[in-house]
Amino acid sequence: NTDSCDCLHELHKEAMKAYSFETRNTSLLGGQSPKEVVLTGQYVALNVENTDVKKDGETSSPILENTLTAVLSPSKDMTRLVMLFGPTGVGKTTAVQKMLLDWTGGKHLQQFGFVFPFAFRQLNVLKQEMTLEELLLNQHGHLAPESLGLILQTPQSLLFVFDGLEQYQHQLDVLSDSDICSQPNQAAPVPVLVSSLVHGALLQGASILVTARTRSELNSSSEVDCKHVEVSGFSVDQRKIYIDQFFKNPENAEKAFQHIEQKIGFQDICRLPVFCWITCTVLKAALEASQDLPETLTQVFVSAFVNLIHAHALGKTAARDLMLGLGRMAAHGLQNNAVVSSQKEMAAFGLQQFLTSPVLLGFLSFEGDPTSDNCMFSFRLPAVQDFLVAVSYYLDISEGKSLEEVLGRLEGRAALLKIFLSGLSSALQRKPLEGVVGEFSSDRHSEFTGWLRNSTEEAFQSWSKERRLCSIRLLHQCQNQPLVKEITAKLGCSLGASFEELTVWDAVALNYVVMCCGNLQDLNLYGNRSLTEDITQRLVPAFSYSHKLILPSCGLTAASCDDLASVLAQESSQLRLLDLRANKLEDEGLIQLCRGLSSPHCKLQQLGLDFCHLAGESMGALSQALCTGHSEIRSLNLNRNNLTDAGLESLTRVLRNSESKLQHLLSDCNLTKACCEGLAEALRSGCCSLMELDLSCSDLEDSGGLKLCEALKTHGCPLEVLRLVRCELGQATFQELGSILRSGSSKLKHLEVGLNNVGDEGAKYLWEALADSRCRLEILDMEMVTLTDNSLEDICSALRANHCLKELVLKNNGLTDTSVPSLHCIPQILESQVFKYTRSSTYDGFSLMTSSRVSNPLI
Ligand SMILES: Nc1ncnc2c1ncn2[C@@H]1O[C@H](COP(=O)(O)OP(=O)(O)OP(=O)(O)O)[C@@H](O)[C@H]1O
């Protein structure tokens, strides 16, 4: 018995070597036949994602074959059902074909004595009732009827593979008990046999592998152990392997790979092996003919379609009719989520005349006689459908559907369609296609251009980041420089793509748009966490065309600084403001950036480096760059770095340099009193142009504070804004500040000294100063300096006497109901708009600190 079973097993394996899930021929839009891919060694191992089977410690996505072998390993007598799913063209059929051939060759799935492959599409045509044994004989002619009893005796050793669930015209639902077929020799309709197998009623313990385009949740009975495995398509590395194999010529392979990675593939489309096949075929033809390579996705599809029509020598009228018929089929499929069309529907789409023509196989897949009622037709790739809908929009004005109608019917599923509509709106891009199908309608062209103009403006005024990014992609795809320039001019030459996840292809699109604009005011990429080195490198052209470049929280590291430096050093660079806040540049990054800052071409005026993980080491390079004589830097923000006193000391070189234009230095950076000596000296040097200095959050203490006061007292000290918040200052510094403000020699207009614990006594010096007519202070921030109601009288008299102050911040002090209402009664506070704001902010802070002790004075 065992011997005969072994013999049957070998016989079956031998026969399965010839089996093919699909009999399709290689076609431009469909790819190579899965079997050919495997037999010619073109198969690139695929990975899986989101699998129900997880292995501990696995970091990268596992290889598909290993996962399937593992998940199908029998553990108990329960039927195992595995759904292998992924979008069309991702390689499911090819993968199961590979598994089958591996099994026949003794690799993978060796736990099974017999693997029985089926294509769902072929099961549709079996209308008569039959037994499972007859079904097996029908599909696998090499089996002898008398051997089946023996083979089916041990279900655990059997694997049934069903490919292409979406092509199946029946459901796989659980059957009612009366409908179930439980015996291999019991006759039933084929859908009942299949469902009974899948749900474990027939041949319990057998394994079932089903492939489907979407994750289908089978309404399975409890006896079935159902697992899902998702095919994720080609990663970048796998694309590289595929392209190298495809081209053979390494130079062309590299060109094609770079071209796909940088320009053409996007929106995940190049994860699909079938897309790689189409694109490689088009690129290969162009490279061999020494033609220009397609620059956009639309150009790839235009080339593919033109090649197909040429290959079948179709005349213009026939080609146009074919495009229109396929366009109707595509629109019907997209609108109704219909995967297959019947022969009757094909006639309704106007494709009757093509049913017997070989050209149809170039665009569609079908099995058997295309004129028979049973034949079902489908597209191999949804992108082909989108392209056809776009082509027929421009070709067919007779049906009168407006663009809004066409897009509206597809609701959120029109992204790719818009790409093709935009691409085909370009005369240059559609020209080769017009050469074979005739001219596109100019009315349609105007309608689309108007729509693009409006939708782009709306997108950039909206909060939707997806819409903005989508607009950038559309503008790139249309390759229409005057139009892009006109639209961006209307947007005030300001582009924002904040909080996006820009891909390499988006970077290409963004570059194109900025180049068309020529002179961009702002480019705001705030919070683009994905600005990797690779992407910044590609964005160099866009960066150097921008006046203001906003890049906070973009995940930039030192690796990107070389590219940023090259932007600054470009002779044509327009950059005036560069905001790099909250990126982990570190000293290494800043040192590289300094290469650009010291270039004679650098025109930068404002540089934001706050919270960039800088320590003091890079300050030497920075001060050297700012002392070059041609530096235009006026504002430097180094807040929230760990500069150290030595780092700041290096920077004081810049302040002493008469050619430096630095006016604003923000460096709330954990400094100590040790930095004050050098700083004060620089401020007194007479060469310093610094108007704003922020040393908040540094342990300056009175000894540091007094040194700074020395500088403030010096005639000609340019400081107008000084922030010394939380600097451990005491009354001595406040006394000195008060006397400087009263002296009338200081230019100080804005003073922030909050979070220094000086109390009423310390603050008193500033109230006295405010009361003095020589005090020029306009803004005074005294948040949380432990004021109490005892200061009330001083504050009131200072405010009554003062005529300069515009804003006073008293948040988070110990003022209570006793003082706050009196403050509100001061005429200056009541009259001035700014005071009104300040008044409420005073109350906010006040209530925050002492809400348990006061009632709301404003009620
Ligand atoms: N692993 C692979 N290596 C090389 N080429 C592949 C691979 N997988 C698929 N292809 C190419 O992509 C084409 C489409 O693949 P396949 O038919 O297997 O996709 P599918 O997921 O079964 O699609 P559908 O859901 O439409 O049936 C193949 O004809 C082949 O040219």
Side-chain angles (χ1 to χ4, degrees), residues 21-25 27-31 87-89 92-93 119-127 163-171 191 211-214 216 274 278 301 304-305 308-309 312 314 318-393 395-396 398-399 401 405-406 409-411 413-414 416-417 420 437:
F21 280 93
E22 289 197 8
T23 53
R24 74 170 113 147
N25 292 325
S27 74
L28 179 52
L29 297 178
T88 173
K92 301 177 297 292
T93 306
F120 273 119
R121 196 182 46 252
Q122 289 169 348
L123 298 181
N124 289 333
V125 291
L126 302 176
K127 305 285 184 204
D163 182 49
L165 181 59
E166 60 291 326
Q167 311 250 359
Y168 191 43
Q169 289 167 338
H170 309 279
Q171 303 293 322
T211 75
R213 287 185 183 164
T214 51
S216 326
V274 69
I278 298 172
F301 277 81
F305 273 64
L308 261 177
I309 291 168
H312 291 277
L314 281 191
R320 195 178 178 98
D321 289 345
L322 177 65
M323 287 298 110
L324 289 172
L326 289 172
R328 280 178 218 115
M329 176 182 173
H332 176 264
L334 285 181
Q335 279 162 24
N336 302 298
N337 271 330
V339 173
V340 290
S341 296
S342 65
Q343 186 258 347
K344 240 193 201 144
E345 284 172 316
M346 296 294 279
F349 299 138
L351 289 166
Q352 185 72 34
Q353 56 170 316
F354 298 103
L355 287 183
T356 51
S357 156
V359 71
L360 208 61
L361 260 179
F363 293 92
L364 302 176
S365 84
F366 56 88
E367 194 113 348
D369 175 8
T371 54
S372 94
D373 284 351
N374 283 335
C375 196
M376 302 304 284
F377 303 80
S378 64
F379 287 102
R380 288 239 138 254
L381 184 66
V384 171
Q385 276 172 282
D386 289 295
F387 185 76
L388 281 162
V389 174
V391 172
S392 37
Y393 164 77
L395 278 184
D396 184 11
S398 61
E399 290 189 16
K401 273 186 220 112
E405 264 178 281
V406 174
R409 284 179 194 206
L410 294 176
E411 286 164 356
R413 292 173 289 125
L416 208 50
L417 172 60
F420 289 132
V437 299

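Small disclaimer: the values here were computed from a predicted structure and weren't measured.
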Distance-only check: which donor-acceptor pairs under 3.5 Å involve side-chain atoms of residues 352-362, not counting sequence neighbours?
unit_1: S357; atom_1: OG; unit_2: V359; atom_2: N; d: 3.1

So how far is it from I278 CD1 to S27 OG, rounded to the nearest 0.5 Å?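 The CD1 atom of I278 sits 8.0 Å away from the OG atom of S27.
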
Taking atom CD1 of I309 and atom CG of L314, what is their separation to the nearest 0.5 Å?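 Reported to 0.5 Å precision, the distance equals 6.5 Å.
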
Donor-acceptor check, side chain of N124 to backbone of Q169, threshold 3.5 angstrom: yes or no?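 Pair found, side chain donor or acceptor close to backbone of Q169.
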
In the structure I gave you, are the side-chain heavy atoms of [X] and [Y] within less than 4.5 Å of one another anywhere?
{"X": "M376", "Y": "S342", "answer": "yes"}
{"X": "Q167", "Y": "S378", "answer": "yes"}
{"X": "Q385", "Y": "L416", "answer": "no"}
{"X": "R213", "Y": "K92", "answer": "yes"}
{"X": "L326", "Y": "F349", "answer": "no"}
{"X": "F379", "Y": "L29", "answer": "no"}
{"X": "F363", "Y": "L308", "answer": "yes"}
{"X": "E166", "Y": "F120", "answer": "no"}

Give me the atom names and distance for the closest heavy-atom approach of [X] to [Y].
{"X": "F301", "Y": "A383", "value": "CZ-CB, 3.8 Å"}
{"X": "L165", "Y": "A212", "value": "CB-CB, 3.8 Å"}
{"X": "G327", "Y": "S392", "value": "CA-OG, 3.4 Å"}
{"X": "M346", "Y": "S341", "value": "SD-CB, 4.2 Å"}
{"X": "V437", "Y": "R320", "value": "O-NH1, 3.0 Å"}
{"X": "D373", "Y": "Q343", "value": "OD1-OE1, 3.4 Å"}

Only one of L322, D321, L324 passes side chain to side chain contact (heavy atoms under 4.5 Å, CB included) with L351; say which it is.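 Looking at L322, D321, L324, the match for L351 under the side chain to side chain contact (heavy atoms under 4.5 Å, CB included) is L322.
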
Let's go through R380 and E22 carefully: what are the C-alpha distance in whole Å and the side-chain angles of both, what is the deciding distance for salt bridge (charged side-chain N to carboxylate O under 4.0 Å, His left out) to 0.1 Å, and is it a yes or a no? CA-CA 13 Å; R380 288 239 138 254; E22 289 197 8; 2.9 Å; yes

Would you mind listing every salt bridge (Lys or Arg N to Asp or Glu O under 4.0 Å) that reaches into residues 336-359, with sequence neighbours excluded?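 As it turns out, there is no salt bridge (Lys or Arg N to Asp or Glu O under 4.0 Å) pair with a partner in residues 336-359 once direct neighbours are skipped.
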
Which residue pairs pass the side chain to side chain donor-acceptor pair (under 3.5 Å) test when at least one of the two sits in residues 329-339, sequence neighbours left out?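 For residues 329-339: H332-N336.
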
Assess the residue pair L388 and F305 against the criterion (side-chain contact (heavy atoms from CB on, under 4.5 Å)); give the C-alpha distance rounded to whole Å, side-chain angles, the decisive distance to 0.1 Å, and a yes or no. CA-CA 10 Å; L388 281 162; F305 273 64; 3.5 Å; yes

Angle class for the F420/F387 ring planes (parallel below 30°, perpendicular above 60°, tilted otherwise)?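 If you compare the ring of F420 with that of F387, the planes turn out perpendicular.
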
Would you call the rings of Y168 and H170 parallel, tilted or perpendicular, taking 30° and 60° as the class edges?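 Plane angle over 60°, so perpendicular.
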
For L417 and L334: C-alpha separation, side-chain torsions, deciding distance, then whether side-chain contact (heavy atoms from CB on, under 4.5 Å) applies. CA-CA 10 Å; L417 172 60; L334 285 181; 5.7 Å; no

